[in-house]
2 protein chains.
Amino acid sequence: MGTLEAPSAPGGADCAALKTNMNVDYVIQYDISSDKAEAEAGFIQLIEALTKVGLASEVRQGDGSSVLVFVKVASNQYLTSQIYRERLQDWLYGVRTSALEKDVAKVFENEPVTEAERLRLVYLLITKPKNDGGAGITPKSGQWEMVTSIFPLHDHTFNSAWIKTWSTKYFLDEEDLDRIRDKFGESVAFYFAFLQSYFAFQVFPAAFGFAVWLILGRYSWLYAFVNSLWSVVFFEWWKKKEVDLAVQWGVHNVSRIQHPRAKYQWDYETPDPVTGELVKHYPPMKRLKTQLLQIPFAIACVLVLGALYIFCFGIEIFLTQVYDGPFKSYLTFTPTIIMSSLLPVLSTILTKVAEILTERENYQTNDAHLSAFVSKIFVINFITSYSPLFLSAFVYMPFGNLMTPYLHIFTTAARRFCSEKSVTTQEFHINPDRLKGQMVYFAVTAQVVNIAVEFVVPYVKRIAFKKVERVQARLASQDDDLIKDVPEEHKFLQRVRDEAKLEVYDVAVDYREMVVQFGYLSLFSSIWPLTPLSFLINNWIELRSDAMKIAMSSQRPIPWRSDSIGPWLDSLGFLSWAGSLVSSAIVFLFSGEDEGPGGDPSKVNVVGLLVTVLCAEHLYLALQFAVRYALRQIDSPGLQKERKQRFAMRKHHIEETLGPDAMEAAVPPTSRTGEKITLVALEEEARRLSTTGGTPEQTFWLRQQGMEETIHIGRKLISQAKPHGNWESTMQATIETVEEADSRDGSRATSEPAA
Amino acid sequence: MGTLEAPSAPGGADCAALKTNMNVDYVIQYDISSDKAEAEAGFIQLIEALTKVGLASEVRQGDGSSVLVFVKVASNQYLTSQIYRERLQDWLYGVRTSALEKDVAKVFENEPVTEAERLRLVYLLITKPKNDGGAGITPKSGQWEMVTSIFPLHDHTFNSAWIKTWSTKYFLDEEDLDRIRDKFGESVAFYFAFLQSYFAFQVFPAAFGFAVWLILGRYSWLYAFVNSLWSVVFFEWWKKKEVDLAVQWGVHNVSRIQHPRAKYQWDYETPDPVTGELVKHYPPMKRLKTQLLQIPFAIACVLVLGALYIFCFGIEIFLTQVYDGPFKSYLTFTPTIIMSSLLPVLSTILTKVAEILTERENYQTNDAHLSAFVSKIFVINFITSYSPLFLSAFVYMPFGNLMTPYLHIFTTAARRFCSEKSVTTQEFHINPDRLKGQMVYFAVTAQVVNIAVEFVVPYVKRIAFKKVERVQARLASQDDDLIKDVPEEHKFLQRVRDEAKLEVYDVAVDYREMVVQFGYLSLFSSIWPLTPLSFLINNWIELRSDAMKIAMSSQRPIPWRSDSIGPWLDSLGFLSWAGSLVSSAIVFLFSGEDEGPGGDPSKVNVVGLLVTVLCAEHLYLALQFAVRYALRQIDSPGLQKERKQRFAMRKHHIEETLGPDAMEAAVPPTSRTGEKITLVALEEEARRLSTTGGTPEQTFWLRQQGMEETIHIGRKLISQAKPHGNWESTMQATIETVEEADSRDGSRATSEPAA
């Protein structure tokens with residue numbers, strides 16, 4: 001491990017080496033094992049490029065084949081101007097809702113720079129293309145082939161406090177997540193927030209599953225329904241929570257600001273219609289052609305992995321349930337051996353193919369690239385993770401007896417190799433507990449193994465390595481003076497050399513693990529209702545072991561921003577929906593007294609199964625609709641805060657430009673209310689206007705001048721009206737001068753519809 | 001009709017009466033047929049309330065039982081201040097993206113006030129609650145029971161030009177819609193935009209359906225698939241188009257500004273978290289209790305209407321296909337008579353119940369109220385419109401023969417009424433063309449009848465009424481002088497009295513008709529592939545007849561704003577999805593050689609049917625996903641425009657507050673590049689610092705001062721490295737003063753994982 005010191009450990013110098021990062025922002029590991037002249041030329045370019053963007057550098061000896069370049073921002077003022085500029089850009093793209101103040105000092109007083117922010121900006125300075133104001137250093141590609149890695153240094157004081165806190169409390173709170181965010185960026189913080197929420201949500205199905213296990217046993221309709229409802233509620237709730245967190249962390253909509261992929265190849269440039277900047281384009285139809293390769297890829301995955309699974313599945317069943325010859329106890333391990341030796345190889349090959357395909361789809365941004373890659377590895381993961389259970393539930397259990405003739409292939413094969421007599425077979429019987437056994441394996445054994453692999457093995461491995469290294473070093477030091485550090489820097493440099501050797505942390509690996517687990521829960525947990533309880537315990541440990549993985553056995557991650565868990569959300573949604581289909585089918589097949597069709601397909605009620613699946617899916621969709629509707633009623637505190645800020649900002653703007661009373665209702669002009677005008681005068685005016693050529697409109701509005709006139713005339717009209725709705729008398733009071741009673745003939749404009 | 005004059009009609013006075021609206025904004029019809037004292041008191045209050053909010057009024061005699069109050073804004077300046085204030089509010093709520101200028105005159109020069117905007121604001125002035133700056137006049141409710149209606153006057157010059165243009169062109173363009181928007185508001189304009197888009201989209205299925213009808217005949221898989229794909233594309237396209245139109249008309253997100261419902265009852269007030277204004281609350285749980293009544297309501301609808309349909313369906317089949325007794329030719333009309341007499345009654349009752357339910361759900365805003373009401377009448381419409389076809393396709397055709405025993409109930413009943421001998425029966429045979437016959441009825445006959453009812457009947461009715469009225473008027477005028485208008489106003493007032501009698505236009509009625517039609521297309525059109533062609537023709541006429549309905553037989557609508565077709569969108573989505581289920585089931589049941597199960601349920605392949613429906617639905621969902629993905633790739637011009645404005649606004653703001661160079665990259669400080677420092681001096685400084693207590697950090701960064709130093713040392717390190725990765729010699733060049741070769745023992749900080 002070597003990179004984490006217990007804070008109470010004695011030894012002042014060691015402690016100091018861990019406590020200070022020497023103000024280093026990034027360490028660039030530069031490979032010098034190849035041609036020396038080339039390495040020297042490249043090194044000069046590297047240092048020049050760094051200096052040009054305002055970064056100071058120091059070089060030190062690395063391990064045998066590399067040098068370490070330490071980088072920090074030369075002037076703090078320059079960094080703050082960069083950060084201010086980025087915050088401005090956030091506002092320009094709608095990530096921030098409140099505009100920045102002009103006074104830079106005040107801005108940083110209100111919102112201090114977090115370590116993650118600083119490190120992210122320095123990393124961008126190092127890696128951004130030159131025409132974008134960066135040094136354009138892209139590790140391991142093109143011109144910078146010899147730059148092996150660029151990593152920030154761990155804050156060991158923080159790390160040990162972090163691990164200590166987390167291992168001594170049951171639930172993490174918001175502050176814990178905020179601290180992660182300030183140190184490792186929103187991208188990592190989102191993973192822990194998701195895992196913590198998922199863990200907290202699992203308490204309910206764990207308790208409920210335990211109760212069901214006690215009372216109803218496996219294959220319970222009630223359990224399947226509650227589990228499906230739970231997955232819907234969790235999924236929909238998380239979608240809201242995600243937005244909330246993003247607003248709280250000030251990264252809502254940050255996915256709009258996309259960092260271009262370094263390897264993106266473009267065909268032509270056009271100005272962006274919104275910002276007016278030149279944008280590099282790649283024809284979408286060209287990309288679509290590459291994207292269509294996903295279909296053969298998915299088919300290939302299904303065929304290759306499917307064939308492997310079916311093959312192993314056949315052998316396994318033959319060996320455990322048919323074969324009764326010699327070495328049976330050893331031979332039963334054959335499928336496991338085949339599987340565990342071939343599966344990683346195939347997975348790696350397919351993942352590599354997925355990588356190449358995604359690369360060729362040539363996405364413009366890192367996010368789009370990641371999303372496309374995740375959707376591909378999701379297919380591989382889906383098959384590798386769930387195939388054994390699918391085969392057992394939907395092939396072995398219903399069609400097991402039909403398989404017998406095919407199993408004789410193995411008998412024949414076995415007889416070829418051995419002497420005929422020694423191969424005896426027993427009659428084939430469906431093992432009704434196979435499904436449950438597998439589920440227990442995935443829910444318990446596999447998880448334990450996983451924790452061991454993730455956590456214990458690296459621990460042991462590193463201790464062992466350390467011993468070996470120490471011995472080697474002692475031997476080497478007798479040879480020549482291996483590393484000559486300045487004494488006061490030695491411990492620090494040794495620590496940095498150690499960190500350089502660590503793996504790069506990839507949050508996608510951890511997400512994948514959790515998504516696969518969610519799939520087991522959603523698709524198959526009705527087979528064994530203790531599954532959620534087992535996962536609950538596992539996830540408590542997982543949260544801590546992932547924290548330790550970051551703190552102790554990985555390089556400190558680059559603190560990227562993100563506003564969600566990204567493409568994994570779709571995977572969760574898909575698994576939740578597929579759960580409604582698969583778990584209802586499983587419960588339908590295996591619930592009841594004799595627990596399943598027992599290998600006899602004629603026992604399967606196909607119509608019943610189809611109706612069940614159809615109903616379950618639509619029930620699922622209805623539940624989803626209802627849960628969404630219900631959650632929409634609850635206002636998200638994050639979005640509310642954002643709206644509030646936006647509203648305040650606009651109101652402020654209005655008040656600033658238009659004065660504080662702009663939004664107050666204007667006082668209506670008092671229309672000619674109080675004037676007392678005699679009827680005669682009114683008449684006079686109307687007549688004057690009609691003779692002197694006042695427009696009909698003017699005349700119309702002069703007949704009653706002022707409210708009181710209108711009221712007066714109105715009251716007259718009302719009192720003159722016949723109770724039965726006819727007019728009693730003439731309107732003498734209104735206009736005395738009506739001479740031609742034009743109204744008598746009642747003729748109106750004859751109505752003709754327009755052509 | 002009486003309200004529309006052919007523009008070329010002779011008669012100057014008539015023409016003038018139609019051409020001018022006397023600057024009247026609104027006409028308020030005030031009922032005086034009840035108690036006179038009360039009517040007078042109410043009238044005074046009315047005029048006072050109007051005057052208080054800056055409206056001028058004139059009163060004139062209405063028909064026998066009412067007076068007409070003419071309202072206009074007293075001062076244009078006041079109106080412009082109101083409009084300016086509303087535009088500010090739009091900006092405050094994010095409807096406008098660009099802030100307003102301070103110079104009011106310039107604002108109105110850039111964006112002149114449309115007639116719709118003016119009329120909407122005046123209407124709001126009349127109807128808004130008093131504490132909101134309005135006169136608080138709510139027609140037909142509470143204190144204002146006697147205000148029968150408030151309506152603007154038609155612009156007859158525009159109307160006749162409108163009808164003339166539309167009846168002489170095949171396709172409407174954007175300008176046509178813009179004109180509608182300027183006159184009647186976005187709410188009406190959205191209906192015409194939707195109808196026009198729907199019509200244009202129908203050209204494809206009409207042509208395709210015609211081809212299928214010629215070549216493949218009915219119940220074609222290909223047709224069903226293409227039709228479903230079409231409905232998905234149309235639906236998804238319209239969702240985009242809607243947003244585009246909203247942006248273009250400047251009403252995007254206008255649904256955020258909600259007008260409170262006048263009848264809303266609230267329990268308590270709290271300040272709004274965003275705007276800080278007091279908001280009236282009604283507990284959502286209380287509302288939920290009322291909302292749950294929707295479930296028994298939906299069940300009641302199904303039971304009541306279903307029973308009616310099944311009853312009529314039974315009688316019909318009995319009479320047409322079993323009964324062979326006397327009066328057969330007359331009796332076959334019995335079900336039609338029962339249906340057409342009972343259905344409107346039941347529909348009206350259920351709609352009334354839906355209205356009461358929605359009222360009791362007590363929504364805060366008009367939009368929420370409308371949306372809840374629409375979802376309820378959608379249930380009623382769904383049952384009344386599609387039940388006959390559902391019964392024929394899924395009851396009569398597959399289970400027809402099972403019905404025979406039940407039909408004998410009717411025989412027995414018939415025998416009771418008639419003498420036994422005269423009731424003869426024929427053997428029951430399934431009529432295979434029943435389904436098609438019904439579909440033709442709904443696609444052609446019903447549409448023709450509908451146009452007749454909507455268009456021809458009112459025309460005839462009004463001409464007849466006119467005649468009757470004229471006779472009555474003549475009789476009355478002999479009695480006493482019925483109406484005494486000022487001669488020059490007489491024609492105008494007669495016109496207003498006519499308009500007062502017209503119906504209020506309700507756009508929901510027209511939407512409902514189109515949504516029901518879309519349902520026929522999506523669910524059942526595979527029965528008769530000519531359906532879309534028939535609908536295409538119908539919709540061409542529908543577009544014009546709806547325009548004429550607004551122009552000639554309705555009061556001019558209040559020009560409300562809206563940013564979508566509202567709750568109807570959900571109905572369309574539901575029908576499109578249901579179409580995938582229903583049409584696949586129909587095609588599966590009836591395609592093939594013998595066209596359907598012919599009344600024998602054993603002929604139905606249930607497993608096949610279920611698998612088909614399941615596959616069709618998932619194919620539909622996959623298509624929807626693909627179409628959404630594809631359409632997302634295309635940027636919407638409207639949203640682009642909005643983003644552009646927002647971006648420009650923010651950029652402007654930045655430039656204004658921070659100067660034009662704020663977004664330019666700051667120039668990095670030139671770090672100590674050029675300085676020439678001797679190695680000795682460097683050493684000296686480092687040593688000095690380490691002895692005088694400079695921090696280790698300071699010392700670390702002083703070892704190499706400036707880029708050239710770093711390059712120099714780096715090159716040395718590279719050249720000294722062993723080709724095999726080990727260090728060849730000591731680092732004498734860097735630091736000459738290394739005295740204790742601490743590095744020799746190679747001991748590092750012993751690594752212990754933190755607890």
**Prompt:** For Q633(A), is it the side chain, the backbone, both, or neither that has a heavy atom closer than 4.5 Å to a heavy atom of chain B?
**Reply:** neither

**Message:** Between Q640(A) and K644(A), is the side-chain contact (heavy atoms from CB on, under 4.5 Å) condition met? List the steps.
**Reply:** CA-CA 6 Å; Q640(A) 201 175 68; K644(A) 192 172 177 172; 5.9 Å; no

**Complete:** Under 4.5 Å to a heavy atom of chain B? For E48(A) that would be both

**Prompt:** For K72(A), is it the side chain, the backbone, both, or neither that has a heavy atom closer than 4.5 Å to a heavy atom of chain B?
**Reply:** both

**Prompt:** Under a 4.5 Å heavy-atom cutoff, which of V606(B), N23(B), L50(B) has the most pairs with chain A?
**Reply:** N23(B)

**Request:** Could you tell me which portion of V69(A) (side chain, backbone, both or neither) has an atom closer than 4.5 angstrom to a non-hydrogen atom of chain B?
**Result:** neither

**Asked** Looking at L125(B), V611(B), L610(B), which has the largest count of heavy-atom pairs under 4.5 Å with chain A?
**Response** L610(B)

**Heavy-atom closest pair, residues F43(A) and I711(B)** = CE2-CA, 3.8 Å

**Prompt:** Should we say atom CZ of R715(B) is surrounded by more than 12 heavy atoms from elsewhere, each under 6.0 Å from it?
**Reply:** no

**Message:** At a heavy-atom distance under 4.5 Å, which candidate from Q77(B), K641(B), R643(B), E697(B) has the highest pair count against chain A?
**Reply:** E697(B)

**Prompt:** Given side chains that start at C-beta, do those of M22(B) and E58(B) come closer than 4.5 Å, heavy atoms only?
**Reply:** no

**Prompt:** Quick one: do the S719(B) and E40(A) side chains pair a donor with an acceptor below 3.5 Å?
**Reply:** no

**Asked** Highest number of heavy-atom pairs under 4.5 Å with chain B: which of V613(A), L46(A), V24(A)?
**Response** V24(A)

**Message:** I need the minimum non-hydrogen distance between F700(B) and R60(A), along with the two atoms involved.
**Reply:** O-NH2, 3.2 Å

